[in-house]
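The block underneath contains the structure these notes are about, expressed in structure tokens.
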Amino acid sequence: MAKIIDGKAVSTAVKAQVAQEVAVLKEKNIVPGLAVIIVGDDPASRVYVNNKKKACEALGIYSEEHALPADTTQQELLALVESLNNRSDISGILCQLPLPGHLDEKKVINTISPLKDVDAFHPSNVGAIMIGDYHFLPCTPAGIMELLKAAGVEIAGKRCVVIGRSNIVGKPMAMLMLHANATVTICHSRTVDLPAVCRQADILIAAVGKAGFVTADMVKPGAVVIDVGMNRPEGGKLCGDVDFDGVEPLCSAITPVPGGVGPMTIAMLMKNTLMAAKLQNAVR
Ligand code: NAP
């Protein structure tokens with residue numbers, strides 16, 4: 001039987017630590033603040049934004065939402081970001097992606113001040129991660145590192161295979177595993193004989209976006225399997241990229257969906273918002 005890595009429990013512990021540090025900052029009259037921008041009415045984005053707001057409230061972090069209509073212009077959106085960049089009560093700025101097609105996500109990300117970039121998507125923060133000298137880590141990969149640590153998974157010297165090469169998950173995930181001294185392979189849709197590559201993994205991380213994509217024949221017995229996927233098949237319930245029932249009996253540890261990586265992403269966002277407030281107020 002595999003160990004089920006409990007993302008709810010680990011995220012609760014991370015959030016408790018953040019709440020404690022927020023309280024200490026408040027004694028110095030510093031209140032971390034998060035501005036969340038949402039454009040249009042994508043239902044999944046709405047759920048994510050609501051969850052982020054709730055988490056802020058629970059931890060004593062000030063939050064404000066900027067809900068803009070779907071026909072917002074690029075100029076209007078950039079002007080909002082600039083105004084948030086200039087506000088001292090806003091420590092972190094997050095623009096919920098994806099944006100409607102007429103808006104240029106890259107431009108928006110590049111306009112967010114790197115010191116307020118709590119998603120760590122700005123090129124200067126991405127570069128900082130590459131050289132291992134960073135303030136912010138992207139929330140999902142950072143959350144996975146916390147999960148591995150909490151589960152006592154040894155990383156150094158292990159073979160890690162990451163399926164997926166997005167800027168948000170796959171690439172930074174691979175970089176963090178490399179910094180932790182794993183030998184890392186990144187797979188994608190053009191990888192030849194993906195199952196054979198995956199079977200080499202001591203730690204297999206799936207960030208594909210396809211329900212049940214990772215099957216038992218792709219997993220080395222005793223591997224640790226991290227499921228990043230959040231898929232909602234039509235009418236069905238939330239499920240991951242891993243065929244949990246098939247894979248779980250084979251592996252040594254696995255994250256469930258829901259209750260694995262998902263809760264960690266928000267916890268790490270809270271941690272980044274706290275870090276942003278500390279950076280902007282020169283608090284160590
Ligand atoms: P994405 O940008 O769509 O990237 C998916 C990656 O999977 C791409 O690199 C793609 O390869 C690769 N891929 C697709 N089909 C493949 C195949 N048949 N064989 C091998 N590789 C394949 O997705 P993402 O933003 O990284 O998200 C991935 C999943 O994680 C989604 O389900 C998303 O909802 C979930 N997610 C969860 C959280 C969380 O908090 N739990 C956070 C973020 C994302 P190419 O590059 O070659 O196209």
Side-chain angles (χ1 to χ4, degrees), residues 2-3 5 7 10 14 119-210 213-230 240-244 247-248 250-257 260-262 264-265 267-268 271-272:
K3 175 197 270 191
I5 303 175
V10 181
V14 170
D119 265 334
F121 293 165
H122 190 286
S124 76
N125 285 326
V126 174
I129 291 161
M130 186 81 149
I131 58 173
D133 180 19
Y134 46 77
H135 297 298
F136 303 119
L137 287 176
C139 301
T140 302
I144 291 168
M145 296 308 284
E146 287 286 330
L147 284 178
L148 291 171
K149 192 166 125 195
V153 175
E154 181 94 24
I155 300 175
K158 295 287 160 58
R159 288 205 71 131
C160 173
V161 172
V162 180
I163 321 175
R165 56 175 165 181
S166 70
N167 290 333
I168 293 172
V169 188
K171 282 186 209 160
M173 188 70 244
M175 199 49 64
L176 297 192
M177 293 303 280
L178 183 62
H179 288 324
N181 295 315
T183 300
V184 184
T185 303
I186 307 178
C187 297
H188 45 78
S189 64
R190 307 287 288 272
T191 298
V192 174
D193 199 357
L194 182 75
V197 180
C198 292
R199 276 195 299 273
Q200 294 178 6
D202 301 306
I203 302 169
L204 179 62
I205 302 176
V208 189
K210 291 186 174 162
F213 182 83
V214 174
T215 45
D217 62 307
M218 296 164 75
V219 177
K220 171 164 132 181
V224 173
V225 178
I226 303 292
D227 190 348
V228 187
M230 295 224 297
D241 287 345
V242 177
D243 167 23
F244 186 91
V247 167
E248 184 270 334
L250 260 183
C251 55
S252 60
I254 186 167
T255 58
V257 178
V261 175
M264 292 306 295
T265 299
M268 301 318 282
K271 199 170 169 179
N272 279 351

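One-based numbering along the sequence shown. This is a predicted model, so every value here is computed, not measured.
From L176, atom CG reaches atom CD1 of I144 across 9.0 Å, with rounding to the nearest 0.5 Å. One finds the CE atom of M218 at 12.5 Å from the CD atom of Q200 (value rounded to the nearest 0.5 Å). Going from atom CD1 of I186 over to atom CG of L178 covers 9.0 Å, rounded to the nearest 0.5 Å. Rounding to the nearest 0.5 Å places CD1 of I129 at 8.0 Å from NE2 of H179. One distance of note links CG of D193 with CZ of R199; it measures 6.5 Å at 0.5 Å rounding. Of the inter-residue distances, the one linking I205 atom CD1 with T140 atom OG1 reads 11.5 Å to the nearest 0.5 angstrom.
Taking 4.5 Å as the limit, every side-chain heavy atom of F136 sits out of range of all side-chain heavy atoms of H122. Put simply, the side chain of K271 reaches to within 4.5 Å of the side chain of E146, judged on heavy atoms. Between R159 and I203, every side-chain heavy-atom pair lies at or beyond the 4.5 Å cut-off. Under the 4.5 Å side-chain criterion, counting only non-hydrogen atoms from C-beta, L148 is in contact with M177. Between I254 and V247 the shortest side-chain heavy-atom distance falls below 4.5 Å.
Although no hydrogens or angles enter the test, the distance criterion places a donor-acceptor pair under 3.5 Å between the side chain of S252 and the main chain of G222. Judged by distance alone, the side chain of T191 and the main-chain N or O of L194 form no donor-acceptor pair under 3.5 Å. In terms of modelled atom types and a separation under 3.5 Å, the side chain of D241 and the main chain of V208 share a donor-acceptor contact. Judged by distance alone, with hydrogens and angles left aside, the side-chain atoms of D227 form a donor-acceptor pair with the main-chain N or O of V242 at under 3.5 Å.
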For a side-chain contact (heavy atoms from CB on, under 4.5 Å) check, start with the C-alpha distance between V126 and N167, then their side-chain angles and the critical distance, and finish with the verdict. CA-CA 9 Å; V126 174; N167 290 333; over 6 Å; no

Could you go through the side-chain contact (heavy atoms from CB on, under 4.5 Å) check for I226 and L204 one step at a time? CA-CA 6 Å; I226 303 292; L204 179 62; over 6 Å; no

Is there a side-chain contact (heavy atoms from CB on, under 4.5 Å) between N125 and H135 once you walk through the steps? CA-CA 8 Å; N125 285 326; H135 297 298; 5.7 Å; no

Give the C-alpha distance, both sets of side-chain angles, the deciding distance and a yes or no for side-chain contact (heavy atoms from CB on, under 4.5 Å) between D119 and C139. CA-CA 6 Å; D119 265 334; C139 301; 4.2 Å; yes

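Here the closest heavy-atom approach between residue M173 and residue P141 is recorded as SD-CA, 3.6 Å. Smallest separation of non-hydrogen atoms from A120 and P138: CB-N, 3.5 Å. Here the shortest heavy-atom pairing between K220 and A201 reads CB-O, 3.8 Å. A pairwise comparison of heavy atoms in C251 and A2 identifies O-CB, 3.2 Å as the closest pair. Contact between F244 and P256 at its shortest, heavy atoms only, is CE1-CA, 4.0 Å. The two residues V10 and A150 have their closest heavy-atom pair at CG2-CB, 3.7 Å.
Contact check on E248 versus K3 returns no salt bridge, with no Lys/Arg side-chain nitrogen under 4.0 Å from an Asp/Glu carboxylate oxygen.
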